[in-house]
Peer 1: 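Please read through the structure below; I'll follow up with questions.
Values in this document were obtained by computation on a predicted structure and should not be read as measured data.
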Amino acid sequence: VDENGQSHFKMHQSVSAEISRDILKNLRFSKLEQEEIYNLVLCHDLRPLGDLKQTVDLCVEYSPEFLLRLMPVFRADALAQSPEYQPETLAQIETTEKIINKLLADNVCLSLADLKINGNDLNALGIKGKSIGDTLAFILKKVAHSEINNDRDEILTYIKENIHLD
């Protein structure tokens with residue numbers, strides 16, 4: 001209970017996801033369905049703000065397709081909250097959904113699979129081990145946020161000029 005008398009169940013999404021997994025297993029849902037529902041429950045408490053930067057970051061982290069499947073869950077969760085916050089929260093969810101659909105329509109690079117470089121390119125530059133994954137993740141965010149183009153030569157030039165290579 002907080003200073004305003006509101007009760008909160010911290011980390012409830014993890015507990016709820018585990019409960020859903022057990023129930024779905026007992027109901028003989030397929031492993032694919034169990035995993036999908038588990039992830040939807042686990043991520044239901046993300047707070048889409050209707051902000052481009054946050055939405056791009058969420059798309060990179062979770063995939064735009066997964067986030068679109070989460071939209072009805074976000075709406076249901078918002079409707080279970082205090083009525084005074086519902087209009088703003090529902091508007092943020094709607095705006096986030098529109099942003100995701102625009103990102104998809106514009107073919108914005110939001111995954112490593114769509115990035116025009118890969119670990120082999122970084123290895124050729126002398127980047128090794130964990131640094132390869134870190135660099136790819138860093139570059140993906142730069143590309144997803146339109147800070148650099150998803151062009152192999154441009155990305156490699158950016159890396160050579162901006163990332164310390166041993």
Peer 1: Please check if L40 and Y38 belong to a single hydrophobic cluster, counting links between Ile, Leu, Val, Met, Phe, Trp and Tyr side chain heavy atoms closer than 4.5 Å.
Peer 2: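 L40 does not cluster with Y38.
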Peer 1: Side chain of Q92, backbone of G50: donor and acceptor closer than 3.5 Å?
Peer 2: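 It does not hold such a pair.
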Peer 1: Which residue in the set N162, T157, V143 passes side-chain contact (heavy atoms from CB on, under 4.5 Å) when paired with I148?
Peer 2: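 Filter result, single survivor: V143.
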Peer 1: For a 4.5 angstrom cut-off between non-hydrogen side-chain atoms, does I117 reach I159?
Peer 2: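 A side-chain contact exists here, since the closest heavy-atom pair is under 4.5 Å.
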Peer 1: Honestly curious: do L58 and V108 fall in one hydrophobic cluster under the side-chain, below-4.5 Å linking rule?
Peer 2: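 No, L58 does not connect to V108 through the hydrophobic network.
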Peer 1: In Å, rounded to the nearest 0.5 Å, how long is the span from CD1 of I99 to CG of D106?
Peer 2: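 Answer rounded to 0.5 Å: 12.0 Å.
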Peer 1: So which atom in P64 and which in L104 form the shortest heavy-atom distance, rounded to 0.1 Å?
Peer 2: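 In this case the closest contact between P64 and L104 is CG-CD2, 3.6 Å.
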Peer 1: Quick one: do E65 and R69 make a salt bridge, cutoff under 4.0 Å?
Peer 2: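 Looking at E65 and R69, the cut-off is not met.
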Peer 1: Which of these, T55, D57, D51, sits in a side-chain hydrogen bond (donor to acceptor under 3.5 Å, both in side chains) with K53?
Peer 2: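 Only match with K53 under side-chain hydrogen bond (donor to acceptor under 3.5 Å, both in side chains): D57.
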Peer 1: Could you tell me whether a side-chain N or O of S82 sits under 3.5 Å from a main-chain N or O of Y85, the two making a donor and an acceptor?
Peer 2: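 No, S82 side chain to Y85 backbone: no donor-acceptor pair under 3.5 Å.
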Peer 1: If you look at every heavy atom in R47 and H44, which pair is closest and at what distance?
Peer 2: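 Nearest pair, atom of R47 first, then H44: NH1-O, 4.1 Å.
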Peer 1: Does the side chain of L70 reach to within under 4.5 Å of the side chain of L67, using non-hydrogen atoms?
Peer 2: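 They are in side-chain contact.
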Peer 1: How long is the straight-line distance from CG of L49 back to CD of E88, given to the nearest 0.5 Å?
Peer 2: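 Here the rounded value is 9.0 Å.
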Peer 1: Between R75 and D77, is there a side-chain N and carboxylate O pair less than 4.0 Å apart?
Peer 2: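 No salt bridge links R75 with D77.
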Peer 1: So which atom in P48 and which in I93 form the shortest heavy-atom distance, rounded to 0.1 Å?
Peer 2: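 Between these two residues, the closest heavy atoms are CG-CG1, 3.9 Å.
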Peer 1: Determine whether T135 and L125 make a side-chain contact, defined as any pair of heavy atoms from C-beta on separated by less than 4.5 Å.
Peer 2: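 In short, these two side chains do not touch, never coming nearer than 4.5 Å.
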Peer 1: Rounded to the nearest 0.5 Å, what separates atom NZ in K142 from atom SG in C109?
Peer 2: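 Here the interatomic distance stands at 14.5 Å.
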Peer 1: Heavy atoms, side chains only, cut-off 4.5 Å: are R21 and E35 in contact?
Peer 2: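 R21 reaches E35 side chain to side chain.
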Peer 1: Working to the nearest 0.5 angstrom, can you tell me the gap between N149 CG and Y158 OH?
Peer 2: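 So the CG of N149 and the OH of Y158 are separated by 12.5 Å.
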Peer 1: Answer with yes or no whether the hydrophobic clustering places L112 together with V56; edges join I, L, V, M, F, W, Y residues whose side-chain heavy atoms lie under 4.5 Å apart.
Peer 2: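 In one cluster: yes.
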Peer 1: So, E33 side chain and L24 main chain: donor-acceptor pair closer than 3.5 Å or not?
Peer 2: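 Checked: no pair found.
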Peer 1: Would you say I37 and L32 are hydrophobically clustered, going by side-chain heavy atoms of ILVMFWY under 4.5 Å?
Peer 2: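 In one cluster with I37: L32, no.
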Peer 1: Would you check if the side chain of N120 reaches a backbone N or O of N123 as a donor-acceptor pair within less than 3.5 Å?
Peer 2: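 Absent.
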Peer 1: Hey, any chance I100 and F66 share a hydrophobic cluster, counting ILVMFWY side chains that come within less than 4.5 Å of each other, even indirectly?
Peer 2: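 They do share one cluster, since a chain of ILVMFWY contacts under 4.5 Å joins I100 to F66.
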Peer 1: Under 3.5 Å, is there a donor-acceptor pair between the side chain of Q81 and the main chain of Q86?
Peer 2: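 Such a contact is absent between Q81 side chain and Q86 backbone.
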Peer 1: Can you tell me how far the NZ atom of K116 sits from the CG atom of D114, to the nearest 0.5 Å?
Peer 2: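 Going from NZ on K116 over to CG on D114, the span is 7.5 Å.
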Peer 1: Can you confirm whether S111 sits close enough to V60 that some side-chain heavy atom of one is under 4.5 Å from a side-chain heavy atom of the other?
Peer 2: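 In short, these two side chains do not touch, never coming nearer than 4.5 Å.
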Peer 1: Between atom CG of N101 and atom OG1 of T96, what is the distance when rounded to the nearest 0.5 Å?
Peer 2: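 It is 11.0 Å, given to the nearest 0.5 Å.
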Peer 1: Would you indicate whether the side-chain heavy atoms of L46 and F74 approach each other to under 4.5 Å?
Peer 2: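 A side-chain contact exists here, since the closest heavy-atom pair is under 4.5 Å.
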Peer 1: Do other residues, nucleotides or ligands put more than 12 heavy atoms under 6.0 Å from the NZ atom of K128?
Peer 2: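 Result for NZ/K128: enclosed.
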Peer 1: When you compare the side chain of L90 with that of L79, does any pair of heavy atoms fall below 4.5 Å?
Peer 2: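 They are in side-chain contact.
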